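Comments concern the structure below.
What you see is a predicted model; the values in this text were computed from it and never measured. Each chain gets a letter, A, B and so on, in the order its sequence line appears, and its residues count up from 1.
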Number of protein chains: 2
Amino acid sequence: MIIPPGFASFSEYSDQFLKNVAVDNVILGYHEKELKVLLQQPYTLEKWTVTGGYIKKTESIEDAASRIAFDRTGIKGLYLKQFGSFGNPQRVIDNGFTPQYIKKITGFDLPADSWIFDYFVSVAFYTLTEFSKVESTKGELEADSRWWPVNELPPMMFDHGHIINEALSALRLHIAHFPIGYELLPEKFTLPEIHSLYETILGKSLDDRNFTKKLLLTKIVTKLDETRKIGRHRSPFLYKFDKERYQEGLKSGVALVF
Amino acid sequence: MIIPPGFASFSEYSDQFLKNVAVDNVILGYHEKELKVLLQQPYTLEKWTVTGGYIKKTESIEDAASRIAFDRTGIKGLYLKQFGSFGNPQRVIDNGFTPQYIKKITGFDLPADSWIFDYFVSVAFYTLTEFSKVESTKGELEADSRWWPVNELPPMMFDHGHIINEALSALRLHIAHFPIGYELLPEKFTLPEIHSLYETILGKSLDDRNFTKKLLLTKIVTKLDETRKIGRHRSPFLYKFDKERYQEGLKSGVALVF
DNA sequence: ATTAATTCCGTATTTTTAACGGAATTAATA
DNA sequence: TATTAATTCCGTTAAAAATACGGAATTAAT
């Protein structure tokens, strides 16, 4: 727990938060046919973490997750999905928190029996966002922070590698029951683009004709009259999401079994 | 947080636990074609809660859930499934904890800014168990504790009514992907029995011929050569679970879509 | 005019799911 | 001992969904 400037004591800052419980957000983005995750490298440590933070006593865990996701991405109203909580004593062994270490990074002396040295339960959410939207606010992100391809992760702190894998499992399960893509694609997109998105997330190839058939059957995307001119080949038509049907699908479920 | 006898101070007892986070177990049992949930009525309050408890600093959240489930049921090795975490400021308003109240029930004076007066995030699990196994240990359960039909719940503390509903939703989703019943049926059971169990959990009637077909296709149950003599009608054959296939199904999933 | 890259479309086959009726067994009882 | 009431148990057909697959059209570069 890093103390921002302007606080006279550790507790003056930390008292606004719940103890021994925190939120982690696995922020996923899609770029160049690859799923990426936004990681940060805090406090000059050599390991990376998913984005996360503490829960204010006055907010719900969902509100905390939203607030933190907004802080890291600058995007309001991200779709956050809780997929599990993680907690075991090994977490505190791995993080290297000691009174000396806390003294060094925060300047405050804390007793060895402070709750800060007990393990934290992490309530984990994942979210999907369009890669480019976040990159534009990259300058505002704190410390070291960058996108990593989900299958080429750097050395991760604690169990964060595991948490990312669980997020991906949850996403793959989720995708079978709910529409996906609104958050990950530009407003107008082509069929091959959304096709490739699904292939990337599911990690397998999907027959293009069957994919199109099923997708259009759900009516969550509608064809536009425009095409996009790219490359020396036929120009693909553009599509967009039918926002109402999409929202409806999020609530009540849409079967899209691939 | 009730202090057992023999502790000199609140912190002497509470220091073994993580703060502001706890575990709740929705213990489900099946009896007479009805799903029931084990609830307790703590501290002479008039509202009921699902079983739950605090997490020791030395144990994982899963271990805490197991320990607590064992305490309440006397059954070792219950299958516990995490299905979500719940936390918002309303929880603390609802529980009625005040320094005066804590003084009354524990005998200790606590400062108003103690973490005990902040809300607790609940990591929730559900478990399935054979009703009769637990009932036999009922005498050992603490305080008021009894089974309630899941659709005739008494007044519930906090959001515990909501948590139970979420547990049931999770269970109904779960049942489509994993085998169920080993924990809820006696060792040997009849087809009508397991059929009725599935109907009860899913809350709808399932065609018996199709049900049997699908169930046997999974190979998780095997037919025995015995029958059970009950009533003035044809004696049903007995079946049992193939434990190996069942375990395998729990790990890798079994499609049983009804 | 040719070529390379890519979009786009439809039908046939297989598999899965859903719907459905009637004969067999048991024990009570008339 | 014949009848009745309650329940188990079985198999086929129709409908729906998923899968497999080939070839023509467009574009821009050469």
Sole candidate of L206(B), L256(B), L216(B) that passes side chain to side chain contact (heavy atoms under 4.5 Å, CB included) when paired with F211(B): L206(B)
Contact state string [nucleotides 13-22 of chain C, B base, S sugar-phosphate only, - no protein heavy atom under 4.0 Å]: -----BBBB-
I220(A) versus R245(A), closest heavy-atom pair with distance: CG2-O, 4.0 Å
Heavy-atom side-chain proximity of L224(B) to K240(B) below 4.5 angstrom: yes
side-chain hydrogen bond (donor to acceptor under 3.5 Å, both in side chains) involving T127(A) - partner list, sequence neighbours excluded: none
Any donor-acceptor pair under 3.5 Å from R72(B) side chain to G52(B) backbone: yes
Nearest-angstrom distance from the residue atom CD1 of I194(B) to C1' of dC9(D): 16 Å
Test ring pair (Phe, Tyr, Trp, His ring centres under 6.0 Å) applied to F70(B) - qualifying residues, sequence neighbours left out: none
DNA chain D contacts among residues 219-234 of chain B, heavy-atom distance under 4.0 Å: K223(B), R232(B), H233(B), R234(B)
Validation: residues 180-191 of chain A side-chain donor-acceptor distances under 3.5 Å, sequence neighbours left out:
residue	atom	partner	partner atom	Å
E183(A)	OE1	Y246(A)	OH	3.1
E183(A)	OE2	Y246(A)	OH	3.3
K188(A)	NZ	E226(A)	OE1	3.3
K188(A)	NZ	E226(A)	OE2	2.8
T190(A)	OG1	E193(A)	N	3.2

Contacts of type salt bridge (charged side-chain N to carboxylate O under 4.0 Å, His left out), residue E62(A), not counting sequence neighbours: none
Distance, rounded to the nearest Å, where E193(B) contributes CD and dT7(D) contributes C1': 13 Å
Near-ring test H174(B)/F83(B), centroid separation under 6.0 angstrom: no
Dot-bracket summary - DNA chain D, pairs being Watson-Crick or G-U whose distances fall under 3.5 Å, with | when paired to another strand: ||||||||||||||||||||||||||||||
Interface with DNA chain D, restricted to residues 198-206 of chain B and to heavy atoms under 4.0 Å: none
Pairing residues for E248(B) by the salt bridge (charged side-chain N to carboxylate O under 4.0 Å, His left out) criterion, not counting sequence neighbours: none
Length of the line joining L238(A):CG and dT7(C):P, which is rounded to integer Å: 12 Å
Short side-chain to backbone donor-acceptor contact, H160(B) and V50(B), under 3.5 Å: yes
Positive for side chain to side chain contact (heavy atoms under 4.5 Å, CB included) with L128(A), one of V26(A), L28(A), L80(A): L28(A)
Donor-acceptor pair, side chain of N25(B) and main chain of I27(B), under 3.5 angstrom: no
Rounded distance in Å - CG (L256(A)) to P (dA17(D)): 13 Å
Pairwise salt bridge (Lys or Arg N to Asp or Glu O under 4.0 Å) hits with a residue in residues 205-217 of chain B, at least two apart: D207(B)-R209(B)
Polar atoms only, N or O, under 3.5 Å: list the protein pairs with nucleotides 14-16 of chain D and their distances.
none

Where W48(A) and E46(A) come nearest, the two heavy atoms and their spacing: CD1-O, 3.9 Å
Which residues share a salt bridge (charged side-chain N to carboxylate O under 4.0 Å, His left out) with E199(A), sequence neighbours left out: none
F237(B) CZ - dA24(C) C1' separation (whole Å): 12 Å
L215(A) CG - dC8(C) P separation (whole Å): 13 Å
